[in-house]
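Following: one structure in structure tokens, then a few remarks.
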Amino acid sequence: MIIPHRVELLYPVWPITNFVITGLCGVAFVGSLAGFDRFLEGIVLESWNPLELLFSSLLHAGLLHLLLNMVFLWVFGNAICAKFGNIKYLGIFFGGALFLAAIHLLFDGRPAVGASGAIYTVLGIFVALYPVNRIHSFYWFISIWGSTGIKAYWLIGFWFATDVYGVVSGSESGVAFWAHIGGFVFGIVFGLLALKNDWLEMSHHDNETLLDILAQRKV
């Protein structure tokens, strides 16, 4: 298993919106433990109800599900929120959640909860903006463990490949693979459009973007 804990980049603004979203996920989980299940069940993704499409991303099926998603949201969401700004990030997160909920309903259809669809949108954007930045991660396999830095396109590409394998193999693990795949593709496309149309400002301190790499290959 590989768990990210830090990315190498500068934060131009405080990612307050991502702090709030992370907190809302925690509040929703505590609410489920405190007996508000009847209310929260109304936003589990099961249909095309707008409340389900938008807010099922704040619910999680258990403590481990919550913790893993919040680690990824903290590491990558803070970075993207800081780069785009707090207002734009709000649209990115819930726009990604809305789009991925639709993808899940179209290709899977089982009841679903969790922020992973929106998180994969963030991961796709991260690859578009910072493909060669290193992601520092903890890893362990049986009795082997440690920490290492891996370039974003390798590590995130590996996670994406595992989701593709999950779809191809017909895995019944309960993971929303289609939401992950759709979110990643949506994120990369959005990130490339943002770079091409100057929807954000890249610093001279930043490494080359995916758009830079693609442009170099065309020359």
Side-chain angles (χ1 to χ4, degrees), residues 3-7 9 11-105 108 110-126 129 135 156 159 163 174-180 182-184 186-187 190-191 194 200:
I3 304 295
H5 62 84
R6 181 170 64 87
V7 293
L9 52 87
Y11 285 18
V13 300
W14 278 92
I16 296 173
T17 298
N18 199 55
F19 295 166
V20 172
I21 291 172
T22 304
L24 288 174
C25 290
V27 169
F29 183 73
V30 172
S32 67
L33 297 178
F36 292 96
D37 301 71
R38 182 172 299 179
F39 167 75
L40 295 174
E41 284 173 0
I43 54 176
V44 172
L45 180 61
E46 297 180 293
S47 70
W48 295 93
N49 184 314
L51 292 178
E52 297 176 18
L53 294 172
L54 278 174
F55 299 119
S56 58
S57 58
L58 301 179
L59 302 180
H60 290 83
L63 181 59
L64 182 60
H65 186 206
L66 173 71
L67 291 177
L68 285 175
N69 272 356
M70 292 308 97
V71 167
F72 278 77
L73 185 61
W74 186 263
V75 173
F76 298 102
N78 284 348
I80 299 306
C81 183
K83 176 57 72 173
F84 278 89
N86 289 294
I87 300 301
K88 289 181 181 177
Y89 181 76
L90 189 66
I92 288 170
F93 182 88
F94 284 106
L98 183 66
F99 178 78
L100 274 305
I103 292 293
H104 178 79
L105 289 174
D108 191 320
R110 291 173 294 178
V113 295
S116 56
I119 290 170
Y120 263 79
T121 298
V122 170
L123 289 176
I125 296 172
F126 191 93
L129 270 55
I135 301 170
I156 297 177
W159 289 328
D163 286 297
V175 176
F177 294 117
W178 277 110
H180 293 180
F184 184 72
F186 178 74
F190 179 87
L200 76 165

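The shown structure was predicted, so the numbers you read here are calculated from the model rather than taken from an experiment. Hydrogens, waters and symmetry mates play no part in the numbers below; they use all other heavy atoms, side chains included.
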Taking the side chain as every heavy atom from C-beta outward, state whether [X] and [Y] have any pair of such atoms under 4.5 Å apart.
X	Y	value
F99	T121	no
L53	L45	yes
F72	V122	no
I43	L58	no
Y120	W159	yes
I103	F186	no

Under the ring pair (Phe, Tyr, Trp, His ring centres under 6.0 Å) test, which residues partner F93, sequence neighbours left out?
none

Distance (rounded to the nearest 0.5 Å) between [X] [atom1] and [Y] [atom2]:
X	Y	atom1	atom2	value
R110	W178	CZ	CH2	12.5 Å
K83	I125	NZ	CD1	13.0 Å
I135	R6	CD1	CZ	11.5 Å

When you look at CD1 of I87, are more than 12 heavy atoms from neighbouring residues, nucleotides or ligands closer to it than 6.0 Å?
no

For [X] against [Y], the heavy-atom pair lying closest together:
X	Y	result
G114	H65	CA-CE1, 3.9 Å
G62	F29	C-CE1, 3.6 Å
G117	H180	N-CD2, 4.4 Å

Donor-acceptor contacts under 3.5 Å from residues 12-24 side chains, at least two apart:
| from | atom 1 | to | atom 2 | distance (Å) |
| --- | --- | --- | --- | --- |
| T17 | OG1 | N86 | O | 2.9 |
| T17 | OG1 | N86 | OD1 | 3.3 |
| N18 | OD1 | Y89 | OH | 2.6 |
| N18 | ND2 | L73 | O | 3.0 |
| N18 | ND2 | N78 | OD1 | 2.7 |
| T22 | OG1 | N18 | O | 2.8 |

What's the verdict on side chain to side chain contact (heavy atoms under 4.5 Å, CB included) for I119 and F76, showing C-alpha distance, side-chain angles and the deciding distance?
CA-CA 8 Å; I119 290 170; F76 298 102; 5.7 Å; no

Taking only residues at least two apart or on different chains, which pairs with a member in residues 49-59 satisfy side-chain hydrogen bond (donor to acceptor under 3.5 Å, both in side chains)?
S47-E52

Using the side chain to side chain contact (heavy atoms under 4.5 Å, CB included) rule, take F84 and L129 through it: C-alpha gap first, then chi angles, then the decisive distance, then the call.
CA-CA 11 Å; F84 278 89; L129 270 55; 4.0 Å; yes

Determine whether a donor-acceptor pair (N or O, by modelled atom type, separation under 3.5 Å) exists between the side chain of H60 and the backbone of G26.
no

